[in-house]
Amino acid sequence: MSQPTSPLFGDQPLKIGAFAPNASGGISMTEAPRSLRVTWEHQKKIAQNLDRWGFDVTVPIARWKGFGGSTNFNGNAFETFTWAAGIAEATENIAVVATTHVATIDPVVAAKMAATVDHISGGRFGLNVVMGWNSAEMAMMQCGLLEHEERYAYGAEWMDFVDRLWASDAPFDVDGKFFRALGCESEPKPVHGRPIVINAGNSKTGLDYSAKYADINFFVSTDLEKMAAHSAALKKAAREEYGRDIQTMTAALVVCRDTEAEAKRVHDEILDKADWTSAENLMAIHGVDSNSWSEQMTKFKERFILAHGATSLVGTPEQIVDGLQQMAAHGMEGVLMGFLNYAEEIDYVGENVLPLMREAGLRK
Ligand SMILES: Cc1cc2nc3c(=O)[nH]c(=O)nc-3n(C[C@H](O)[C@H](O)[C@H](O)COP(=O)(O)O)c2cc1C
């Protein structure tokens, strides 16, 4: 399990990356003006800006259908394997990830696509394995959506199958509950053995899946103590139950401006121009009845509007670094960032936040 050319296994104290640059809306459900475009020219620009500043990774969201409302949040999104192939060719150092709903792709096809992008990138590829939860988008597909525990059982067989295809030099048969296949083989192999595997399982079953298969787990919370507890428990489970190491990372909306007042103004504008319908539709699919306007529910909805349920870091470069430091101190080894204006704000972070991160010992 080593991928020497991936910055995700590099020595940066806190890894940084972008999340969901490939989908309209990114991670914020708002009509506030923004520069993000789902055009190839713009996607390349975002990736090249990330690469130039030495960000470690770019992680696309796998989304097949939007969430309605005035913005149809995430409704316009590039497919992530083909996106990753193009981004790999357009960049030099950054780790490039494809996010795959396991039920939508046969393991034989997925293993070969992953190996292909790994070769295009020179060993910088990572696979974010998701089980699916969005019943509306899975209703478009022949595979449909299994019940939660079954999804992870399916995902386990899927990953075992892909792992064998990446590793095995001799043809093999598979005789499982979900897969039956004969004479399986896959060439070429990935560049340096198994590509990095990522999983964002957060439920008990999801955590066990990450402990067993993933090199990196994404955990989303606004509560630093929960992050610390999550990280410690997952590392312990991976080590004790599967003899493995795992990194824990999180995601956040970053709104960084020269003054706190300006950052706060942008934060407030995202909420003032919120696409509440999109957020309510998304939450309904998650089984959350968002009709109540209690203070708690309003706060919860605001988290979806701002950051797709993740936390937000809002303020000056110093304040952002302070927030990142807190996350690092609570077990997070990396932070994926969403922005209102990815291309420009990545440059702003590169110029104004990265030097302070270096001073703080978060970056080399
Ligand atoms: C950073 C991050 C990225 C994710 N990307 C996707 C995605 O692209 N597509 C998707 O359907 N789910 C995505 N998810 C959802 C997770 O795969 C997972 O279903 C969710 O975190 C709930 O955990 P559970 O499956 O253990 O219940 C993502 C979650 C996180 C935190």
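No hydrogens, no waters, no symmetry mates; every other heavy atom, side chains included, goes into these values. Since the structure is predicted, the reported quantities are computational estimates derived from the model, not experimental observations. Just follow the structure's listing: the first ligand is 1, and inside any ligand the first atom is 1. The first residue in the sequence is number 1, and the count goes up from there.
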Query raised in the report: Does V129 reach the side chain of M159, with side-chain heavy atoms less than 4.5 Å apart?
Result: yes
According to side chain to side chain donor-acceptor pair (under 3.5 Å), who are the partners of [X], at least two apart in sequence or on a separate chain?
X	answer
N22	none
N128	T99
W83	Q43

Query - Q326, CD atom: more than 12 neighbouring heavy atoms under 6.0 Å - result: yes
**Report entry** Short N-O contact, E147 and R151, less than 4.0 angstrom
**Finding:** no
Check ligand 1 against the protein and report each N/O to N/O distance under 3.5 Å, formatted as atom name, atom name, distance.
{"from": "ligand 1", "atom 1": "8 (O)", "to": "A62", "atom 2": "N", "distance (Å)": "2.8"}
{"from": "ligand 1", "atom 1": "9 (N)", "to": "A62", "atom 2": "O", "distance (Å)": "3.3"}
{"from": "ligand 1", "atom 1": "11 (O)", "to": "R63", "atom 2": "NH2", "distance (Å)": "3.1"}
{"from": "ligand 1", "atom 1": "11 (O)", "to": "H101", "atom 2": "NE2", "distance (Å)": "2.8"}
{"from": "ligand 1", "atom 1": "11 (O)", "to": "W133", "atom 2": "NE1", "distance (Å)": "3.3"}
{"from": "ligand 1", "atom 1": "12 (N)", "to": "W133", "atom 2": "NE1", "distance (Å)": "3.1"}
{"from": "ligand 1", "atom 1": "21 (O)", "to": "A200", "atom 2": "O", "distance (Å)": "2.8"}
{"from": "ligand 1", "atom 1": "23 (O)", "to": "N202", "atom 2": "N", "distance (Å)": "3.2"}
{"from": "ligand 1", "atom 1": "25 (O)", "to": "Y152", "atom 2": "OH", "distance (Å)": "2.5"}
{"from": "ligand 1", "atom 1": "26 (O)", "to": "Y152", "atom 2": "OH", "distance (Å)": "3.1"}
{"from": "ligand 1", "atom 1": "26 (O)", "to": "N202", "atom 2": "N", "distance (Å)": "2.9"}
{"from": "ligand 1", "atom 1": "26 (O)", "to": "S203", "atom 2": "N", "distance (Å)": "2.8"}
{"from": "ligand 1", "atom 1": "26 (O)", "to": "S203", "atom 2": "OG", "distance (Å)": "2.6"}
{"from": "ligand 1", "atom 1": "27 (O)", "to": "H148", "atom 2": "NE2", "distance (Å)": "2.9"}

